[in-house]
Number of protein chains: 2
Amino acid sequence: MTLKARIMNTMVKPTLPSTERSLPIALIRAREGIMNPIREMLLKTGITEQQWRVLRALAEYGRMDTKTLAQRSSLLFPSTTRISTTLRQKGFVTQTRDDQDRRRQFVEITIEGQKIIDEHTPHAVQIVSDFKIKLGEENYETLLDLLAMLDPGAID
Amino acid sequence: MTLKARIMNTMVKPTLPSTERSLPIALIRAREGIMNPIREMLLKTGITEQQWRVLRALAEYGRMDTKTLAQRSSLLFPSTTRISTTLRQKGFVTQTRDDQDRRRQFVEITIEGQKIIDEHTPHAVQIVSDFKIKLGEENYETLLDLLAMLDPGAID
DNA sequence: TAACAACTATTATCATGTTAAGTATAATTT
DNA sequence: AAATTATACTTAACATGATAATAGTTGTTA
């Protein structure tokens, strides 16, 4: 697109913000920045970022059904099913049917799964801490608050 | 995990923030909130969110090579290759080799591709505008600035 | 100029995102 | 109780994310 055409567009039509100032893209890039060191850490564990999220949720809240697990891990339901299966094969979780409601599937972290969390939590804490320092404590909290306002699951 | 075990953990070991206060997860959830209406809009176009990003970059900056396109679209290189192929098959872009450097592949938006952008930009502008209202103009700009601080590609 | 390294792009592989369809069980209605 | 509806989960299909391996081209150096 020529410069002239771009200027014309700006004058006569509603235009999107430049991709440099686009909120969805800013979210993607920020996530990249955060996840790079975390992914680096996870390389040694042999599990993925999403599998780490599932194990963390299970470690924090204990045994739960797949639906709840999906919500707590911010994963889609089908992804959660697949990841649970993978983690079971790796020996990091167990799956059991609910006898009261046989549709329900409970997932629970194993000793081995908990070990993964325990062994890497200090490093993960360090990574989070580095970002707090980079942004400043106040900015960090502000950012979390602003992001929460966009969360579709949040109780407005 | 029992309550007692959780309390013990908190006392003796470094702990991660609750998933409720985790920055990576907050970024995912915020993105979900933003992308829901955008994906809804894109349903009518038959293209995906990533394909939309590629077309937008091409519309804004004009013809460019795949590497630059990947950066401008915030996509991985291999993803960009695949998406360019898909978009070419749909008739929304053209691909040409650079005669000066035959490694390089140029991608350019077609009239049909530009039409997709033009037809849906007003709706996209409306969606962005809604979020600005929801957050407030000042918060919106603050959020973009804070996110930019996490962007690994940003010039600190 | 031949060997080597660097660069651009493509392809491969596995995991996940996303939507839709399907299955089994439970709850509700008639 | 049979039919219907709703729920929890699973599977399928296609696109993308992420990493690694490969191919073709250009640049550099011995």
Side-chain angles (χ1 to χ4, degrees), chain A residues 24-25 27-29 31-32 34-55 64-71 73-90 92 95-107 152, chain B residues 24-25 27-29 31-32 34-55 64-71 73-90 92 95-107 152:
Chain A
I25 290 180
L27 288 167
I28 290 174
R29 292 186 175 158
R31 205 175 128 60
E32 246 180 82
I34 299 282
M35 291 317 297
N36 280 344
I38 293 181
R39 262 197 293 275
E40 193 179 350
M41 170 194 90
L42 289 176
L43 266 182
K44 302 167 196 163
T45 71
I47 66 173
T48 67
E49 172 206 334
Q50 289 84 354
Q51 290 167 9
W52 170 260
R53 285 220 303 276
V54 166
L55 289 183
M64 68 190 96
D65 62 18
T66 305
K67 189 183 180 186
T68 308
L69 182 56
Q71 289 167 348
S73 314
S74 288
L75 290 169
L76 294 176
F77 211 110
S79 300
T80 308
T81 295
R82 282 181 300 206
I83 291 172
S84 292
T85 303
T86 305
L87 288 175
R88 176 170 48 73
Q89 290 166 347
K90 293 187 177 192
F92 296 152
Q95 291 174 302
T96 50
R97 284 266 161 219
D98 181 357
D99 284 331
Q100 266 63 49
D101 182 344
R102 300 191 46 73
R103 293 171 299 184
R104 222 178 282 266
Q105 176 101 268
F106 281 123
V107 184
Chain B
I25 290 180
L27 287 167
I28 291 174
R29 292 187 176 159
R31 205 175 127 59
E32 243 181 83
I34 299 282
M35 291 317 298
N36 280 344
I38 293 181
R39 262 198 292 276
E40 193 179 350
M41 170 194 89
L42 289 176
L43 266 181
K44 301 167 195 162
T45 70
I47 67 174
T48 67
E49 172 207 334
Q50 289 83 354
Q51 292 167 8
W52 170 260
R53 286 220 301 279
V54 166
L55 289 182
M64 67 190 96
D65 62 20
T66 305
K67 189 184 180 186
T68 309
L69 182 56
Q71 288 166 348
S73 314
S74 288
L75 289 168
L76 294 175
F77 210 109
S79 299
T80 308
T81 295
R82 281 180 301 207
I83 291 172
S84 292
T85 303
T86 305
L87 289 175
R88 177 171 47 74
Q89 289 167 349
K90 293 188 177 192
F92 296 152
Q95 291 173 303
T96 50
R97 284 268 162 215
D98 180 356
D99 284 331
Q100 267 61 50
D101 182 345
R102 299 189 49 72
R103 290 172 300 186
R104 222 179 285 265
Q105 176 100 267
F106 282 123
V107 184

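Throughout, a chain's letter reflects where its sequence line sits, starting with A, and its residues are numbered from 1.
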Closest to the Q105(A) side chain, choosing from dA18(D), dT10(D), dA15(D): dT10(D)
Under 3.5 Å donor-acceptor, R97(B) side chain and R102(B) backbone: yes
Under-4.0 Å salt bridge between D101(B) and R103(B): yes
Look for any protein N or O under 3.5 Å of an N or O in nucleotides 25-29 of chain D and output each such pair with its distance, or none.
| from | atom 1 | to | atom 2 | distance (Å) |
| --- | --- | --- | --- | --- |
| dT25(D) | O2 | R103(B) | NH1 | 3.3 |
| dT26(D) | OP1 | R102(B) | N | 3.1 |

DNA chain C: 5'-most and 3'-most nucleotides touching chain A, 4.0 angstrom heavy-atom criterion: dA15(C) to dA26(C)
Presence of donor-acceptor pair under 3.5 Å, side chain of R97(B) and base of dG24(D): no
Salt bridge R31(A)-E49(A), side-chain N to carboxylate O under 4.0 Å: yes
Sugar-phosphate, base or nothing in reach of R39(A), heavy atoms under 4.0 Å: sugar-phosphate
Secondary-structure string, 5' to 3', Watson-Crick or G-U under 3.5 Å, | for another-strand partners, for DNA chain C: ||||||||||||||||||||||||||||||
Sugar-phosphate only, base, or nothing, as touched by S79(A) at under 4.0 Å among non-hydrogen atoms: base
Touch class at under 4.0 angstrom, heavy-atom based, for E49(B) against every strand present: nothing
CG on L87(B) to CD on Q51(B), rounded to 0.5 Å: 5.0 Å
